[in-house]
Protein chains: 2
Amino acid sequence: MKNRLPSTARSLPIALLRARERVMGPIRNLLSDVDLTEQQWRVLRVVQETAGIDPTEIADQACLLLPSLTRILQKLDEKGLISRERDKVDRRRQIIRITAAGEKIIEANIAASIAIVDRTREKMGEERYEALLDLLNDLDEIEL
Amino acid sequence: MKNRLPSTARSLPIALLRARERVMGPIRNLLSDVDLTEQQWRVLRVVQETAGIDPTEIADQACLLLPSLTRILQKLDEKGLISRERDKVDRRRQIIRITAAGEKIIEANIAASIAIVDRTREKMGEERYEALLDLLNDLDEIEL
DNA sequence: CAAAAAAGCTACACATGTTAACCACAAGAG
DNA sequence: CTCTTGTGGTTAACATGTGTAGCTTTTTTG
């Protein structure tokens with residue numbers, strides 16, 4: 001009765017953050033070598049995954065607000081990693097695509113990134129790892 | 001063979017981020033009403049959890065770099081939510097404590113915060129929810 | 001004691017978060 | 001057809017956070 005607060009380890013948001021930092025820390029180091037921020041990398045991954053995606057959808061999938069995304073897309077465009085095109089049907093809309101250079105950057109870094117995550121998978125065990133991913137995706141789909 | 005990349009939904013860092021945003025979004029709204037950022041709240045929770053903690057330990061538990069933490073502690077100090085004291089044994093060190101006002105802020109917001117998380121727990125089911133927390137804590141303890 | 005290490009702080013450059021205002025185009029109502 | 005409303009996206013401005021380097025003070029160690 002003295003303390004009804006959940007310990008931070010049993011606080012879902014904090015536990016999610018700590019787990020993420022554990023995995024993301026090493027990956028951030030990788031990315032800084034090729035001068036990409038974590039967010040830029042995330043956007044690039046999302047764009048690569050869904051060719052012809054529009055900014056609103058990217059923002060949603062990459063968990064970014066549109067104004068932040070606008071700036072990030074400008075940076076990625078400057079770097080030649082994505083291309084932007086106006087939708088001919090709805091001319092408010094933009095169509096974003098990854099360029100060959102963008103694909104190349106992903107190619108060059110995804111292996112090391114996967115290797116880091118794979119070490120985690122091995123230490124956790126395949127089943128627990130997959131179970132974790134399933135639970136995370138469930139959580140993401142909750143309360144739409 | 002055409003595409004060896006994991007979909008972003010099966011990418012552990014991205015899945016962790018999306019799940020976190022889902023839960024944290026509503027909580028951030030709460031906090032902005034009392035003029036606290038997410039990080040300030042996190043620091044406050046950590047300080048409350050471990051009275052007499054020092055900045056290095058806080059930074060570790062709250063997933064912040066020391067320079068960021070320094071500023072956050074200054075802000076929290078200005079607001080009167082924490083107190084700082086020099087350690088008499090090792091005078092390089094500082095001892096951080098939550099103040100009565102700080103406890104009060106937590107009291108005033110933790111209920112709504114827990115309510116948000118509880119809705120998630122109900123939708124996921126108790127067991128799956130607890131399993132998720134266990135897996136996250138495991139992940140955090142990996143690769144020390 | 002001198003040198004190395006640890007705990008923090010400061011400063012700086014840059015990226016992101018956040019809100020509001022704004023522009024161009026689209027879609028509906030009358 | 002035009003007026004209003006809605007949508008997609010950008011810009012601006014400011015707060016905050018990130019990341020690196022260098023500095024001070026105090027401790028520890030050779």
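Just so you know, these numbers use all the heavy atoms, side chains as well, and skip hydrogens, waters and symmetry mates. Order of the sequence lines sets the chain letters (A, B, ...), proteins ahead of strands, with each chain counted from 1.
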> Starting at atom CD1 of B:I72, determine the distance to atom C1' of D:dG19, rounded to an integer number of angstrom.
14 Å
> Looking at residues 28-40 of chain A, who's got a heavy atom less than 4.0 Å off DNA chain C?
A:T37, A:Q39
> For the pair B:E141 and A:R22, find out whether any cationic side-chain nitrogen is under 4.0 Å from an anionic carboxylate oxygen.
no
> Using a cut-off of less than 4.0 Å, is there contact between a side-chain N or O of A:K75 and OP1 or OP2 of C:dC14?
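Indeed not, no polar side-chain atom of A:K75 lies that close.
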> Would you indicate what A:L64 reaches in the nucleic acid, counting non-hydrogen atoms under 4.0 angstrom: base, sugar-phosphate, or nothing?
sugar-phosphate
> Would you mind checking if B:E38 and B:R20 are paired as a salt bridge, meaning a charged N to carboxylate O distance below 4.0 Å?
yes
> Do B:D140 and A:R18 sit within salt-bridge range, that is, some charged N less than 4.0 Å from a carboxylate O?
no
> For B:Q48 and B:E103, what are the C-alpha separation, side-chain angles and deciding distance, and is it a side chain to side chain donor-acceptor pair (under 3.5 Å)?
CA-CA 7 Å; B:Q48 199 259 1; B:E103 297 267 14; 3.3 Å; yes
> Check every strand shown and say whether B:S68 touches a base, only sugar-phosphate, or nothing at a heavy-atom separation below 4.0 Å.
base
> Would you mind building the protein contact string for nucleotides 20-25 of chain C? One character per nucleotide, 5' to 3', B for base within reach (heavy atoms under 4.0 Å), S for sugar-phosphate only, - for untouched.
----BB
> Are A:E21 and A:R28 ion-paired here, with the side-chain N under 4.0 Å from a carboxylate O?
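A salt bridge is present here (some side-chain N lies under 4.0 Å from a carboxylate O).
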> Any side-chain N or O of A:Q74 below 4.0 angstrom from OP1/OP2 of D:dT11?
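Affirmative; the distance criterion is met.
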> Going by an N to O cut-off under 4.0 Å, is there a salt bridge joining B:R84 and B:D54?
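Judged by the 4.0 Å cut-off on N to carboxylate O distance, B:R84 and B:D54 do not form a salt bridge.
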> Only one of B:D77, B:T70, B:I72, B:L76 passes side-chain contact (heavy atoms from CB on, under 4.5 Å) with B:Q74; say which it is.
B:T70
